[in-house]
Number of protein chains: 4
Amino acid sequence: MSDTPPPVRTPRWTRRSDARPHEIVAAALTLFAERGFAATKLEDVARAAHISKGTVYLYFPNKESLFRAVVRQELLPNVERIEAMIAAHQGSAADMLRMIASQMLQVIDTQVAGIPKLVLAESGNFPEIARFYAEEVVGRGIRLFTRILRRGVERGEFRPIEPMHLLPTLVGPMAMMVMWRHSIGRHSDLRFDTRAVIETHIDLLLRGLRPEPGA
Amino acid sequence: MSDTPPPVRTPRWTRRSDARPHEIVAAALTLFAERGFAATKLEDVARAAHISKGTVYLYFPNKESLFRAVVRQELLPNVERIEAMIAAHQGSAADMLRMIASQMLQVIDTQVAGIPKLVLAESGNFPEIARFYAEEVVGRGIRLFTRILRRGVERGEFRPIEPMHLLPTLVGPMAMMVMWRHSIGRHSDLRFDTRAVIETHIDLLLRGLRPEPGA
Amino acid sequence: MSDTPPPVRTPRWTRRSDARPHEIVAAALTLFAERGFAATKLEDVARAAHISKGTVYLYFPNKESLFRAVVRQELLPNVERIEAMIAAHQGSAADMLRMIASQMLQVIDTQVAGIPKLVLAESGNFPEIARFYAEEVVGRGIRLFTRILRRGVERGEFRPIEPMHLLPTLVGPMAMMVMWRHSIGRHSDLRFDTRAVIETHIDLLLRGLRPEPGA
Amino acid sequence: MSDTPPPVRTPRWTRRSDARPHEIVAAALTLFAERGFAATKLEDVARAAHISKGTVYLYFPNKESLFRAVVRQELLPNVERIEAMIAAHQGSAADMLRMIASQMLQVIDTQVAGIPKLVLAESGNFPEIARFYAEEVVGRGIRLFTRILRRGVERGEFRPIEPMHLLPTLVGPMAMMVMWRHSIGRHSDLRFDTRAVIETHIDLLLRGLRPEPGA
DNA sequence: TATGAATGAGTATTCATTCAT
DNA sequence: AATGAATGAATACTCATTCAT
């Protein structure tokens, strides 16, 4: 309605400064996952993020808080995505397991897949990160799988079973593959065919969970 | 003539030449497993071994070689013990799996059980340790389980299956429990009933491996 | 509006990128020459250069490379200056010797004059510094003096003489004075009148080199 | 006179324990001369003397006192020998100089010849050693040469000359040769023909000291 | 006496953090 | 905002010295 054109203002932030924190976190994730917290130099993080050492401190008060940001920011979106996917799903419990497995396959080679190993490695030095992970990842995972198992039992797909006893069997092999890929596997000639392994795993699971013939 | 007993002198130190190296390795294992290589101070290792900083250097030329010693010396005896046990065994393949599982249960709370996590965590910084572990632990484990699976198939206990695809499922859950216990589990309220978990795992395995009815 | 001047802040430090390396080398030279390589603490070097320990490492990767820089950087310019001076000179060989002697007199109380003693002292620990000095200082010195002697013979100032046999006599007394001044002489009451000594030396040389009357 | 044989007693000392201190000093001299005081480890000295670290401390309260012993014990006998030799001599002053020169030639490759360089190098850290050397070696050397020069003048061999101005010229070249041989010379290809150098030096000296024709 | 294991003060070096530019 | 020079606390490692044997 006014004829005066809006004053050409320098925007309060630039694309740069907006993207920075995440670029730093991404660079840090790679290095922390590769070398661990203590062995990672902030200078290397800065270089990997194409900025200078001092700039890191404009966004994170210190190395520890950067570490926490790495774990917290990168993890939750993924957890939530899978939760949502499952919540929206209507098919069989077996299909739900297959869905999760296929998610695993998609994530296994990304940065994020380095976090579990990182959390494992640093839980002695960052107990609250360990707790955070136990609650926000493992705990939610437990609830997720418990729901799937219960659904399977209700639908007659699975025989009844105590979820807390089965969970490590359910998740362990996939977690194993993820961590192997981001640690020893990088330096050894031993190769696992991830897809085949996970398919075999799901197959074995489903056979092992089949209801007793007489029940 | 005097009744006063000779003063009980506590010598500042005593010679332990033979025992020392292992005492140091043991102390180091605890700390490395807890904090990682970089975050562990040699002074703390020394204190934990009830000796002084300098003494560590009488037995190990530097921190890295102590680290290597920790992984190499503590691991092999355990691997060999299990191998021997299986080699001597004459029963069913199922029993062999149960034996290994029970070994797991016995080891899970000892120092040694911290090593896998340690190796995982440091494989980026010590590639040759990663390779060593891949060959001497994972590789030998693969051969061991492959033998057991083959025996199971031959005896009609298991249906035929590609061992390399099954292995992570076989080992993953147990490895998971071991690492959980030595990392996140220490700082979280989440508890798994290790024995029940492993029994459930073996049970599911055996069900899942049952030969097809019609085969 | 306020009369109070802005507070005069003394910054904790200022950027000196360009000047730093030389300041450090200068400080190091003084201390190395006084105490030797091993007995000189980098912290003292830093303090002498009015910087902190860490700053030294911004410019030199370690103590040894600082040591090498001290010897190499400080020495060559002086050698080259004298060479140039002689090259430019047109007069008698005797005058050339006098010129060199007068250069000695000017340098003897500066930092640089501490280097020969330092190189002598450390040649066992730094063989390649010894070689460097042998080639770049002694070797060039030999060529320089050889040229002067030959010129003297050609001009009829000197009797013929084998330069390599005469050189220590030519240089020794001056070198002696330099090193004395930077070592024992500092802690003893014995004093030599440097100028008189060198004049006497040159005088004796010229007399001793006079052509045989009958030749 | 007595028939009872003398009791077979264990001697209060053994050859070993008597020789030890000197063996240690000799080993120490070699190493100190080669590496300097700070860079020489007592363990190396012990090894070179074929004893153990602890044994050194039975004879010397600490490293410094060993260092002082090295300089003091090894030097004085040599100085005194030369003094005595000159005192006993009756011939010309020129012969005296030749005698000293020939002594130099004999000593130059022995351990002792490393001491001057050592004293030079360490005078900053051991001022009292510097003083000791200045007095007991340089001072006595000055008196010795002064006497020789005076004698030469009295006998008409030399023209009158101020000894303190001539001394560095007299001694410098020989000192030079000694120190070169024990430092840079060890690591360079440059070789001096010691004998020829010293003969040339003496020759030049005698020519340069010849009385003026008209005097 | 002699040994060499043990000690711990002392130093080189690293790197998170600060701050002048 | 961004930089990277400067800082100094922290830590691996050394080695003179002590002392149980």
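Labels below follow one simple rule: chain letters A, B, ... track the order of the sequence lines, proteins then strands, and each chain is numbered from 1. When reading the values below, keep in mind they use all heavy atoms of this one structure, side chains included, and skip hydrogens, waters and symmetry mates. Bear in mind the structure is a predicted one, so any value in this text is a computation, not a measurement.
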Please round to the nearest 0.5 Å and tell me the distance separating atom [atom1] of [X] and atom [atom2] of [Y].
{"X": "D/H187", "Y": "C/I129", "atom1": "NE2", "atom2": "CD1", "result": "12.0 Å"}
{"X": "D/S123", "Y": "C/E34", "atom1": "OG", "atom2": "CD", "result": "9.5 Å"}
{"X": "A/I24", "Y": "A/L66", "atom1": "CD1", "atom2": "CG", "result": "7.5 Å"}

The criterion is side chain to side chain donor-acceptor pair (under 3.5 Å); which residues satisfy it with [X], sequence neighbours excluded?
{"X": "C/Q111", "answer": "C/T30"}
{"X": "B/E23", "answer": "B/R16, B/R20"}
{"X": "C/T55", "answer": "C/S52"}
{"X": "C/R35", "answer": "C/D44"}

Checklist entry - Which dot-bracket string fits DNA chain F when only Watson-Crick or G-U wobble pairs with both atom distances under 3.5 Å count, crossing pairs get [ ], and | stands for a partner on a different strand? => result .||||||||||||||||||||
Provide, to the nearest angstrom, the distance between the [atom1] atom belonging to [X] and the [atom2] atom belonging to [N].
{"X": "C/R47", "N": "F/dG8", "atom1": "CZ", "atom2": "P", "value": "12 Å"}
{"X": "A/I51", "N": "F/dT3", "atom1": "CD1", "atom2": "P", "value": "7 Å"}
{"X": "C/H50", "N": "F/dA5", "atom1": "NE2", "atom2": "C1'", "value": "18 Å"}
{"X": "C/R20", "N": "F/dA5", "atom1": "CZ", "atom2": "P", "value": "11 Å"}
{"X": "A/L66", "N": "E/dC15", "atom1": "CG", "atom2": "C1'", "value": "15 Å"}
{"X": "B/N62", "N": "F/dT11", "atom1": "CG", "atom2": "P", "value": "18 Å"}
{"X": "A/D44", "N": "E/dC15", "atom1": "CG", "atom2": "P", "value": "9 Å"}
{"X": "B/D18", "N": "E/dA6", "atom1": "CG", "atom2": "P", "value": "10 Å"}

Next on the checklist: Tell me which residues in residues 53-61 of chain C lie within less than 4.0 Å of DNA chain E, going by non-hydrogen atoms.
Outcome noted: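 Close to the strand are C/K53, C/Y57.
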Checklist entry - Between B/T14 and B/K63, which is nearer to the 5' end of DNA chain F once each is assigned its nearest nucleotide? => result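 The residue mapped nearer the 5' terminus is B/K63.
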Item to check | Neighbours of DNA chain F within residues 27-43 of chain D, by heavy-atom distance under 4.0 Å | outcome: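 Hits under 4.0 Å, by residue number: D/T40, D/K41, D/L42.
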Checklist entry - Among pairs that include at least one residue of residues 53-65 of chain D, which meet salt bridge (Lys or Arg N to Asp or Glu O under 4.0 Å), considering only residues two or more places apart or in two chains? => result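 Counting only pairs at least two positions apart or across chains, the salt bridge (Lys or Arg N to Asp or Glu O under 4.0 Å) contacts touching residues 53-65 of chain D are D/E64-D/R68.
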Checklist entry - Does C/E43 have any salt bridge (Lys or Arg N to Asp or Glu O under 4.0 Å) partners at least two apart in sequence or in another chain, and if so, which? => result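 Counting only residues at least two positions away or on another chain, C/E43 forms no salt bridge (Lys or Arg N to Asp or Glu O under 4.0 Å).
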Checklist entry - How would you list, by chain and number, every residue that makes a side chain to side chain contact (heavy atoms under 4.5 Å, CB included) with D/L76, sequence neighbours excluded? => result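 Here the qualifying residues are D/E80, D/F132, D/E136, D/R140.
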Next on the checklist: From the set E/dT7, F/dT3, F/dT7, return the single nucleotide nearest to any side-chain atom of C/S52.
Outcome noted: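 Among the listed nucleotides, the one closest to the side chain of C/S52 is F/dT7.
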Next on the checklist: Taking ring pair (Phe, Tyr, Trp, His ring centres under 6.0 Å) as the cut-off, I'd like each qualifying pair that reaches into residues 48-68 of chain B, sequence neighbours left out, listed once.
Outcome noted: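 Sorted pair list: B/F32-B/F67, B/F37-B/F67, B/F67-B/F126.
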